[in-house]
*Asks:* 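Following this message is one structure expressed as structure tokens.
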There are 2 protein chains.
Amino acid sequence: MEHCDIHTTLEHAGLSKTSRRVAVLTVLVHAQTPLRVKDILDRVCGEGQINKVTVYRILASFKAEGIIREIATDHGVNFYEMACRHNPTHPHFYCRICRSLSCLPEQVIRESRFEHLLTGNQTVDGITLNLTGVCGTCNLIKDGHRRSKQ
Amino acid sequence: MEHCDIHTTLEHAGLSKTSRRVAVLTVLVHAQTPLRVKDILDRVCGEGQINKVTVYRILASFKAEGIIREIATDHGVNFYEMACRHNPTHPHFYCRICRSLSCLPEQVIRESRFEHLLTGNQTVDGITLNLTGVCGTCNLIKDGHRRSKQ
DNA sequence: CGATAAATGCAACTGATTTGCAAATGCTTT
DNA sequence: AAAGCATTTGCAAATCAGTTGCATTTATCG
């Protein structure tokens with residue numbers, strides 16, 4: 001998968017290129033699905049540790065600069081994904097059983113399609129379209145249980 | 001605003017009419033915006049207390065029966081609103097400053113419009129469209145600060 | 001009215017995220 | 001390259017939403 005250059009991205013955002021920021025951004029840039037903080041910690045660990053507080057702070061700065069998007073879920077765990085031209089805003093599917101989040105293809109979401117809904121002087125800086133339900137794997141498991149109980 | 005009958009709704013969902021469930025449902029049915037658990041606790045308090053654990057459990061049962069919808073936000077706080085014919089699925093606006101959630105008008109969201117995106121055998125039971133940004137009030141406050149610093 | 005299952009309250013717990021502060025690092029200027 | 005200073009990071013502890021276990025109360029049915 002094509003992706004943004006780490007250093008260019010940080011420079012462009014006006015963020016200094018510290019080892020931690022480079023590490024977190026590298027993980028995000030190579031991710032195939034949105035990641036939780038826990039996932040990022042696991043994947044960064046190989047190269048010399050990083051504190052979870054640092055990850056939270058780095059993610060906050062990335063989000064503030066518009067480098068990444070944050071996807072909230074029930075269960076209070078947030079996911080993060082790149083918000084660059086290689087990864088335009090798209091819908092997600094959240095499984096309420098295994099609590100995994102996956103990207104849905106195609107259908108790019110444009111803020112402009114919804115801005116006419118705003119009545120006051122709100123400022124929009126993000127849009128999220130989430131389907132919630134049970135993923136294929138968890139449905140298989142459920143079917144298995146149902147069958148074995150008959 | 002027109003709204004569903006409390007007792008009919010509970011009966012139809014197969015839930016017994018306990019004082020707590022009636023209280024929580026009454027609050028939800030009269031709410032003008034989606035509510036947090038904290039809001040529900042505040043509004044129910046007038047009539048003789050209710051434990052927060054009970055509220056969580058009642059909301060879980062309402063959600064399982066499709067009586068209410070749950071809206072997740074960054075910051076890990078969930079909001080709840082009626083999911084009846086008087087309140088069809090619609091987009092919301094979340095202010096990341098004051099952390100309030102408001103309903104956006106018109107534009108009803110139909111699951112069917114997005115189901116073709118699913119590739120495997122997922123089951124969808126909810127859909128959320130959220131705009132995130134800064135609400136009118138918080139924008140006014142920000143402008144005020146900016147002006148007073150010049 | 002009594003029995004029984006379901007609902008509720010309470011205390012304690014979990015897990016994600018945040019805060020305060022001291023130590024380490026990055027960047028600029030000698 | 002070293003000094004100076006702001007920024008970043010780590011650690012410990014706190015916060016806060018939401019959950020769990022268990023004892024008590026309530027609803028419903030015979």
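Residue numbering restarts at 1 for every chain, and letters A, B, ... go by the order of the sequence lines. Only this structure's heavy atoms are used, side chains among them; waters, hydrogens and symmetry mates stay out.
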*Asks:* Using the side chain to side chain donor-acceptor pair (under 3.5 Å) criterion, which residues pair with S16(B)? Sequence neighbours excluded.
*Replies:*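 S16(B) satisfies side chain to side chain donor-acceptor pair (under 3.5 Å) with R21(B) once adjacent residues are dropped.
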
*Asks:* To the nearest angstrom, how far is N51(B) atom CG from dC22(D) atom P?
*Replies:*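 So the CG-P distance, N51(B) to dC22(D), works out to 18 Å.
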
*Asks:* Just the rounded figure in Å: distance from P of dA17(D) to CG of L35(B).
*Replies:*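 Whole-Å distance recorded here is 15 Å.
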
*Asks:* Can you pull out every salt bridge (Lys or Arg N to Asp or Glu O under 4.0 Å) where at least one residue sits in residues 80-103 of chain B? Sequence neighbours excluded, please.
*Replies:*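 Sorted result for residues 80-103 of chain B: D125(A)-R96(B), R69(B)-E81(B).
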
*Asks:* Suppose we screen for salt bridge (Lys or Arg N to Asp or Glu O under 4.0 Å). Which residues come up paired with R57(B), at least two apart in sequence or across chains?
*Replies:*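 If we apply the salt bridge (Lys or Arg N to Asp or Glu O under 4.0 Å) test to R57(B), skipping adjacent residues, there are no hits.
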
*Asks:* For T123(A), check side chain to side chain donor-acceptor pair (under 3.5 Å) against everything at least two apart and list the hits.
*Replies:*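 T123(A) satisfies side chain to side chain donor-acceptor pair (under 3.5 Å) with N139(B) once adjacent residues are dropped.
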
*Asks:* Give a yes or no on whether a salt bridge exists between D42(A) and R36(A), defined as a side-chain N under 4.0 angstrom from a carboxylate O.
*Replies:*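 The answer is no: the pair does not qualify as a salt bridge.
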
*Asks:* Linking Ile, Leu, Val, Met, Phe, Trp and Tyr through side-chain heavy atoms less than 4.5 Å apart, which residues share a cluster with I71(A)?
*Replies:*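 In the cluster with I71(A) are F79(A), Y94(A), L101(A).
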
*Asks:* Give the rounded distance in Å between these two atoms: CD1 of I40(B) and C1' of dA17(D).
*Replies:*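 Nearest whole value for this atom pair: 13 Å.
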
*Asks:* Taking only residues two or more places apart in sequence, or in another chain, which ones meet V37(B) in a side chain to side chain contact (heavy atoms under 4.5 Å, CB included)?
*Replies:*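 Checked V37(B) against side chain to side chain contact (heavy atoms under 4.5 Å, CB included); matches are L41(B), V55(B), Y56(B), L59(B), Y80(B).
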
*Asks:* Compute the angle between the rotation axes at the two ends of the helix from dC1(C)-dG30(D) to dT30(C)-dA1(D), each taken over five pairs, rounded to 10 degrees.
*Replies:*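 It comes to 30° between the two terminal axes.
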
*Asks:* Provide, to the nearest angstrom, the distance between the CZ atom belonging to F79(B) and the P atom belonging to dA17(D).
*Replies:*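 Checked: the CZ to P distance equals 11 Å.
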
*Asks:* Are the side chains of C98(B) and C135(B) in contact, using a 4.5 Å heavy-atom criterion?
*Replies:*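 When only atoms from C-beta onward are counted, C98(B) and C135(B) do touch, with a gap below 4.5 Å.
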
*Asks:* Grab the NE2-P distance between H7(A) and dG26(C) for me, whole Å please.
*Replies:*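 To the nearest whole Å, that distance equals 13 Å.
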
*Asks:* Return the value, rounded to whole Å, for the distance between atom CG of L10(A) and atom P of dT7(D).
*Replies:*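 Going from CG in L10(A) over to P in dT7(D) covers 17 Å.
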
*Asks:* How would you list, by chain and number, every residue that makes a side chain to side chain contact (heavy atoms under 4.5 Å, CB included) with A60(A), sequence neighbours excluded?
*Replies:*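 Not a single residue meets the side chain to side chain contact (heavy atoms under 4.5 Å, CB included) criterion with A60(A).
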
*Asks:* If the condition is side chain to side chain donor-acceptor pair (under 3.5 Å), which residues does D5(B) pass it with, not counting sequence neighbours?
*Replies:*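 With neighbours one apart ignored, the set is T8(B).
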
*Asks:* Along nucleotides 13-21 of chain C, 5' to 3', which nucleotides get a B, which get an S, and which get a -, given that the test is a protein heavy-atom distance under 4.0 Å?
*Replies:* ---SBBBB-

*Asks:* Just jot down the side chain to side chain donor-acceptor pair (under 3.5 Å) partners of E11(B), sequence neighbours excluded, or say none.
*Replies:*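 Only K17(B) meet the side chain to side chain donor-acceptor pair (under 3.5 Å) criterion with E11(B).
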
*Asks:* Could you state the NZ-C1' distance from K17(A) to dT28(C), rounded to the nearest angstrom?
*Replies:*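 That distance rounds to 15 Å.
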
*Asks:* Give every pair of a protein N or O atom and an N or O atom of nucleotides 1-7 of chain C that lie under 3.5 Å apart, one pair per line with the distance.
*Replies:*
| unit_1 | atom_1 | unit_2 | atom_2 | d |
| --- | --- | --- | --- | --- |
| dA7(C) | OP1 | R21(B) | NH1 | 3.4 |
| dA7(C) | OP1 | R21(B) | NH2 | 2.4 |

